[in-house]
Number of protein chains: 2
Amino acid sequence: MSGAVTIGVAAKATGVSAKMIRYYEEIGLLPPAGRTTSGYRLYGEEDLHALRFVRRSRDLGFSVEDIAGLLALWQDRSRASAQVKALALHHVADLRRRIAELEAMARTLASLADHCSGDARPDCPILDDLAAAHAPAPRRPVRARPPSR
Amino acid sequence: MSGAVTIGVAAKATGVSAKMIRYYEEIGLLPPAGRTTSGYRLYGEEDLHALRFVRRSRDLGFSVEDIAGLLALWQDRSRASAQVKALALHHVADLRRRIAELEAMARTLASLADHCSGDARPDCPILDDLAAAHAPAPRRPVRARPPSR
DNA sequence: TGTGGGGCTTCCCATCGTGGGAAGGTCAAG
DNA sequence: CTTGACCTTCCCACGATGGGAAGCCCCACA
C-alpha cells in the first residue's frame, strides 16, 4: 500500500542508479514510468521488482539486450523453461570462452614474469617477448579492463 | 634498406589496423609518423617493430595506458627489470581478478540452469532467482561481452 | 597522355553501459 | 519565504574499435 516512490528512492532500493533507470527507460528496456503532475517519475512495487531483476541479470553478466529477452520470458507465463535455459546456457558458454581467453593471457604473462629476474639489471624476457616479431593475425580485440566502477 | 612503407603496408605487416595506427598516433602512444611530401604517413623498420610491440601487448590484454608505460620501459635501456616485472605481475593479478568474477557468474548461472528442467513447462528456477529480491549493493559493473571483432 | 581504381588523408558517427555536470523546476522542512 | 535536497532534460566523456564520406594521390595500363 505504501504508494509509489521517486527515482532516487527506487535507485537505493534496487541498487540501480537513477541515471541507469532513466537510461533503461530511454532505450525501451523498461516501460515509461508513471509521473507526478510535476513530472517526477514514480515507481511501484512491480517496477521495483523489475529493476531488481535487471540488476541481478547485469550482475550475472547479461547484456542489456539479453535482459530484454529475459524480461520478456519472465513476463510470459506460458513460455517453456527450455527457452530460458537455452539463453542461460548460451551465456555460460560465452563466459567460459572469455575466461579461457583471459587465462591464456595470464598464463603467458605469468610465465614470462617467472623468467624475469626482477632485480636492478635491465635484461627482461618480458620486453624481449613483446618486442619479438610475432605472426600478425586478425585480432579479436580483448578489453583490457572492464571500465572500473 | 627497403625504404619506409605506407600505412596500409604497415598495417598488414604488423596486424594493427590503419585506423588504430592513426589512433595510437593521435593519442600520443606513438610518435607522429614521417610523411611524404604529399602527406602520406611513412613507417620504417623501427616503427614496425614498435607497432608489433603494441600489438603483442594488446593481445596480452594490456590497456593502451599500460602499453605507454611498457613502451617507455622498452626504450629505456637502463631501467631495472624489476619495474617491468612489477607491471606484468600487476596485470596478471588484474586478469586473475576478472577471471574469478566471470567464473563466479558462470558457476551461479550453470547451477541455476542445472535445476531447470528445460522442457515445455513454464517453471524455471533461473527466472525465479533473477526475480528474487537480492540485496542491492554498490555494483562494480561487469562488461557483458567484449565487443566482438 | 589520359583514365581508372585503389590507397591515402581528415572528419564525423556509432558502439556499450556508465558517470559527470549544468541549468532549471519542485518540494518539504524550518 | 528561504534553503537545500531532490527531480527534470540535455550534453559530454570514457576505451578501443570500426564504418563511411569527401577529397587527394599515385601507379599501371591503354
Side-chain angles (χ1 to χ4, degrees), chain A residues 3-30 32-43 51 54-55 57-68 94 98 101 138-149, chain B residues 3-30 32-43 51 54-55 57-68 94 98 101 138-149:
Chain A
V5 299
T6 56
I7 201 170
V9 177
K12 267 169 209 156
T14 62
V16 182
S17 74
K19 276 279 207 223
M20 291 315 297
I21 296 177
R22 292 193 198 97
Y23 173 70
Y24 292 148
E25 176 180 329
E26 184 190 317
I27 64 174
L29 179 64
L30 299 174
R35 301 278 186 143
T36 65
T37 46
S38 58
Y40 282 23
R41 285 178 182 80
L42 286 180
Y43 298 87
L51 281 171
V54 170
R55 210 273 180 148
S57 302
R58 288 294 296 147
D59 283 350
L60 288 175
F62 285 99
S63 70
V64 167
E65 199 185 348
D66 291 335
I67 300 176
D94 217 54
R98 288 158 59 199
E101 273 173 25
R139 283 198 349 103
R140 291 192 320 91
V142 169
R143 230 2 100 261
R145 261 192 295 275
S148 61
R149 205 158 333 277
Chain B
V5 299
T6 56
I7 201 170
V9 177
K12 266 168 209 156
T14 62
V16 182
S17 74
K19 277 275 204 220
M20 290 317 297
I21 296 177
R22 293 194 198 97
Y23 172 70
Y24 292 149
E25 176 180 330
E26 185 190 315
I27 63 172
L29 179 63
L30 299 174
R35 301 278 188 144
T36 66
T37 46
S38 58
Y40 282 23
R41 284 177 181 79
L42 286 179
Y43 299 87
L51 280 171
V54 170
R55 209 268 181 158
S57 302
R58 287 293 296 144
D59 284 351
L60 288 176
F62 284 99
S63 70
V64 167
E65 199 186 346
D66 290 336
I67 300 176
D94 216 54
R98 289 159 58 198
E101 272 173 25
R139 284 196 353 100
R140 291 192 322 92
V142 168
R143 228 3 96 263
R145 263 193 295 275
S148 61
R149 201 161 335 279

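Reminder, nothing fancy here: chain letters follow the sequence lines and each chain counts from 1.
- Computed from coordinates, the Asp94(B) CG to dG15(D) C1' distance equals 15 Å when rounded to whole Å.
- Taking atom CG on Leu30(A) and atom P on dG17(C), their separation rounds to 13 Å, with Å as the unit.
- For the pair Ile21(B) CD1 and dT10(C) P, the computed distance is 13 Å after rounding to whole Å.
- Residue Arg22(A) is classed as a base contact, given a heavy-atom separation below 4.0 Å to a base.
- Neither OP1 nor OP2 of dC6(D) sits under 4.0 Å from any side-chain N or O of Thr6(A).
- Within 3.5 Å, no donor on the side chain of Tyr23(A) pairs with an acceptor on the base of dG19(C), nor the reverse.
- A donor-acceptor contact under 3.5 angstrom links the side-chain atoms of Tyr40(A) to the base of dC6(D).
- Asp59(B) places its CG atom 14 Å from the C1' atom of dA16(D), with the value rounded to the nearest Å.
- Side-chain N/O atoms of Arg41(B) include none lying less than 4.0 angstrom from OP1 or OP2 on dC25(D).
- Nearest-nucleotide positions on DNA chain C for Gly8(B) and Ile27(A) put Gly8(B) closer to the 5' end.
- In terms of phosphate contacts, Arg35(A) brings no side-chain nitrogen or oxygen within less than 4.0 Å of OP1 or OP2 of dG25(C).
- As judged by a 4.0 angstrom heavy-atom cut-off over every strand, Thr36(B) is placed among residues making no nucleic acid contact.
- Between Leu42(B) and Ala4(B), the shortest heavy-atom distance links the atoms CB-CB, 3.9 Å.
- Between Leu30(A) and Leu51(A) the shortest side-chain heavy-atom distance falls below 4.5 Å.
- Rounding to whole angstrom units, CG of residue Leu51(A) and P of dG17(C) are separated by 16 Å.
- In terms of polar N and O atoms assigned as donor or acceptor, the side chain of Lys19(A) comes within less than 3.5 Å of the base of dG21(C) in a complementary pairing.
- Regarding contacts with the backbone of dT18(C), a side-chain N or O of Tyr24(A) is found under 4.0 angstrom from either OP1 or OP2.
- Of the candidate nucleotides dG17(C), dT17(D), dC7(D), dG17(C) has the atom nearest to the side chain of Met20(A).
- Rounded to an integer number of Å, the gap from CD1 of Ile67(A) to P of dG17(C) is 8 Å.
- Atoms CD and CE, from Glu26(A) and Met20(A) in turn, are 10.0 Å apart once rounded to the nearest 0.5 Å.
- Atom CG in Leu29(A) sits about 11 Å away from atom P in dT18(C), given to the nearest Å.
- Taking OH of Tyr43(A) as the reference point, atom OG1 of Thr14(A) lies at 9.5 Å (rounded to 0.5 Å).
- Looking at every heavy atom in both residues, Ala33(A) comes nearest to Glu25(A) through N-OE1, 3.5 Å.
- Contact annotation: Ser38(A) side-chain N/O to dT8(D) OP1/OP2 distance is not under 4.0 Å.
- One can place CD of Glu26(B) at 14 Å from C1' of dC14(D), the figure rounded to the nearest angstrom.
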